[in-house]
S.K.: 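Sending over a structure as structure tokens; questions will come in a sec.
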Amino acid sequence: MRTVSSAPILSAVPGGGAIPRHVAIIMDGNGRWAKQRHLPRLAGHKAGVDAVRKVTRAARAMGIEALTLYAFSSENWRRPEEEVSDLMGLLRIFIRSDLDELARENVRLRVIGDYRRFAPDLVAMVDGAIARTAGNDGPILAIALNYGAQAELVGAARQLAEDVRAGRMDPSAIDAGAIEARLDTHDLPPLDLLIRTSGEHRLSNFLLWQAAYAELLFVETLWPDFSPAELAEAVAAFGRRQRRYGGL
Ligand code: IPE
Ligand code: IPE
Ligand code: MG
């Protein structure tokens, strides 16, 4: 079922190492990018959307099966109301402007996180976008909206408790697979590479379970400046890593 579009960037990957199946990105640094230019933070977020467009295209061209982007965390509600509403506005604009291309390019759009807490019209837009690409069988673009890994794990724990209480499951049957099946990422490939931009060295509640054996890459580049070339470099660096999963 895996559809890989033409891959011109592949040849640009030095060493031609393994391509990660699933890449996730903590797209950080929009505010600092704007500040450096004496612009409002919104300008940084807009430039961030342009980077999203370029990087998702590049990921498809490279044959990455799944790309997960951290767009809004469950903690980002702590920001000023105006910024939160600007971010929601940009999400609306992105869906309006980019859904046609994603649908045409055979992309399957997914969302992880509790996006149903957003405004009803935005929830409807997101649901419509997911439904529109549901019949595709190409690369997955998963957007993390109101996502927090701890909340995701709490949700999985609750579902397991319900299953046990209802007699559908024995506690001894709870294993890693049972937890994974109840995470928002249950139908995504295992996470191979997790990138954070902007020089911060933390996960900020992103994919904590899934990152168990992912390769981590922290780059100084602020998200709006993160380019397809830098994605290719990250993929090349991944290809040079030796994964051992605790073995030898
Ligand atoms: C990341 O950029 C975008 C979101 C969190 C939505 P920031 O807005 O966090 O930018 P900095 O970290 O303030 O530079
Ligand atoms: C992480 O960035 C969330 C997103 C990129 C959506 P933050 O800017 O919110 O993270 P902290 O606050 O620096 O940890
Ligand atoms: Mg930040």
Side-chain angles (χ1 to χ4, degrees), residues 22-56 59 66-98 109-119 122-123 125-126 129 140-154 183-185 188 191 193-211 214 216-227 230-231 234:
H22 182 182
V23 177
I25 309 181
I26 302 173
M27 310 183 289
D28 197 16
N30 295 350
R32 279 162 284 169
W33 183 94
K35 194 169 184 194
Q36 283 176 356
R37 287 160 181 77
H38 309 286
L39 293 170
R41 289 179 60 84
L42 174 58
H45 294 312
K46 283 184 177 161
V49 174
D50 294 337
V52 165
R53 202 167 282 129
K54 287 182 209 155
V55 168
T56 52
L67 178 68
T68 301
L69 300 177
Y70 206 5
F72 192 87
S73 79
S74 48
E75 286 71 39
N76 285 147
W77 297 106
R78 293 176 185 156
R79 296 188 180 201
E81 219 175 288
E82 190 190 341
E83 176 156 346
V84 171
S85 96
D86 282 346
L87 289 167
M88 302 293 160
L90 285 176
L91 177 61
R92 284 187 176 87
I93 290 170
F94 178 76
I95 294 173
R96 277 195 205 106
S97 60
D98 284 60
L109 186 68
R110 297 288 160 84
V111 169
I112 63 169
D114 192 8
Y115 69 99
R116 290 182 188 285
R117 293 286 150 92
F118 288 180
L122 186 50
V123 173
M125 264 183 103
V126 171
I140 294 173
L141 174 60
I143 305 186
L145 298 176
N146 191 21
Y147 174 87
Q150 291 181 341
E152 181 188 35
L153 285 160
V154 166
L183 299 179
D184 295 354
T185 51
L188 269 61
L191 182 62
L193 175 62
L194 174 55
I195 302 168
R196 183 174 189 144
T197 60
S198 88
E200 307 292 358
H201 295 174
R202 56 177 169 265
L203 297 181
S204 301
N205 202 14
F206 192 45
L207 300 178
L208 298 181
W209 173 282
Q210 297 84 345
L216 307 182
L217 187 71
F218 298 95
V219 298
E220 294 295 317
T221 312
L222 302 175
W223 172 250
D225 290 328
F226 192 82
S227 63
E230 223 169 324
L231 179 67

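Remember, it's 1-based here, ligands and their atoms both numbered in the order they're listed. The chain is numbered in sequence order, starting from 1.
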S.K.: Any heavy-atom pair between the side chains of T68 and T185 that's under 4.5 Å?
M.R.: no
S.K.: Give me the residue, atom name and distance of the protein heavy atom closest to atom 6 (C) of ligand 1.
M.R.: A71 O, 3.3 Å
S.K.: Show the atoms of ligand 1 that are less than 4.0 angstrom away from any heavy atom in H45.
M.R.: 3 (C), 8 (O)
S.K.: I'd like to know whether ligand 1 has S198 as a neighbour, heavy-atom separation below 4.0 Å.
M.R.: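 Outside the 4.0 Å threshold, so no.
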S.K.: What atoms in ligand 1 come closer than 4.0 Å to a heavy atom of R32?
M.R.: 11 (P), 12 (O), 14 (O)
S.K.: Taking heavy atoms and a distance under 4.0 Å, where does F206 meet ligand 2: side chain, backbone, both or neither?
M.R.: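 Under 4.0 Å from ligand 2, F206 contributes no heavy atoms.
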S.K.: With distance as the sole test, does N76 use its side chain to make a donor-acceptor pair with the main-chain N or O of S73 at under 3.5 Å?
M.R.: yes
S.K.: Would you call D225 and T197 a side-chain contact if the rule is heavy atoms closer than 4.5 Å?
M.R.: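 A side-chain contact is absent here, since even the closest heavy-atom pair is not under 4.5 Å.
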S.K.: With a 4.5 Å heavy-atom cut-off, do L203 and L207 have their side chains touching?
M.R.: no
S.K.: Could you list the atoms of ligand 2 found under 4.0 angstrom from a heavy atom of S204?
M.R.: 10 (O), 11 (P), 14 (O)
S.K.: Could you tell me the residue and atom name of the protein heavy atom closest to atom 10 (O) of ligand 1, and the distance to it rounded to 0.1 Å?
M.R.: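 Checking every protein heavy atom, the shortest distance to atom 10 (O) of ligand 1 gives G31 N, 2.9 Å.
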S.K.: Check whether any N or O atom of W33, backbone or side chain, sits under 3.5 Å from an N or O atom of ligand 1, and answer yes or no.
M.R.: no
S.K.: For atom 12 (O) of ligand 2, grab the closest protein heavy atom and report residue, atom and distance to one decimal in Å.
M.R.: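 In this structure, atom 12 (O) of ligand 2 has R202 NH2, 4.6 Å as its nearest protein heavy atom.
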S.K.: What protein heavy atom lies closest to atom 7 (P) of ligand 2? Include the residue and the distance to one decimal.
M.R.: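 Answer for atom 7 (P) of ligand 2: R79 NH2, 3.7 Å.
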S.K.: Please work out whether any backbone atom (N, CA, C, O) or any side-chain heavy atom from C-beta onward of K35 is under 4.0 Å from ligand 1, and answer side chain, backbone, both or neither.
M.R.: neither
S.K.: Determine whether a donor-acceptor pair (N or O, by modelled atom type, separation under 3.5 Å) exists between the side chain of R196 and the backbone of R202.
M.R.: yes
S.K.: With a cut-off of 2.8 Å, does D28 place any N/O/S atom under that distance from the Mg ion (ligand 3)?
M.R.: yes
S.K.: Below 4.5 Å, heavy atoms only, C-beta onward: do F94 and R53 meet side chain to side chain?
M.R.: yes
S.K.: Can you report which non-hydrogen protein atom sits closest to atom 2 (O) of ligand 2, along with the distance?
M.R.: R196 NH2, 3.6 Å
S.K.: Any donor-acceptor pair under 3.5 Å linking the side chain of D114 with the backbone of N146?
M.R.: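 Side chain of D114 to backbone of N146: no pair is present.
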S.K.: Classify the angle between the aromatic ring planes of Y70 and Y147 as parallel (below 30°), tilted (30 to 60°) or perpendicular (above 60°).
M.R.: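 The arrangement is perpendicular - the two ring planes meet at more than 60°.
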S.K.: Just to be sure I read this right, does ligand 2 sit under 4.0 Å from the backbone of M27, its side chain, both, or neither, counting only heavy atoms?
M.R.: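 Under 4.0 Å from ligand 2, M27 contributes backbone atoms alone.
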S.K.: Tell me the protein heavy atom at minimum distance from atom 9 (O) of ligand 2, and give that distance in Å.
M.R.: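 Looking only at protein heavy atoms, the one closest to atom 9 (O) of ligand 2 is N76 ND2, 2.9 Å.
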S.K.: Indicate yes or no: at least one non-hydrogen side-chain atom of L91 is less than 4.5 angstrom from one of F72.
M.R.: no
S.K.: Less than 4.5 Å apart, any side-chain heavy atom of V49 and any of D98?
M.R.: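 With C-beta onward as the side chain, the pair stays apart.
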S.K.: Give yes if a backbone or side-chain nitrogen or oxygen of D28 is under 3.5 Å from a nitrogen or oxygen of ligand 1, and no if not.
M.R.: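 Yes, there is a polar N/O contact under 3.5 Å.
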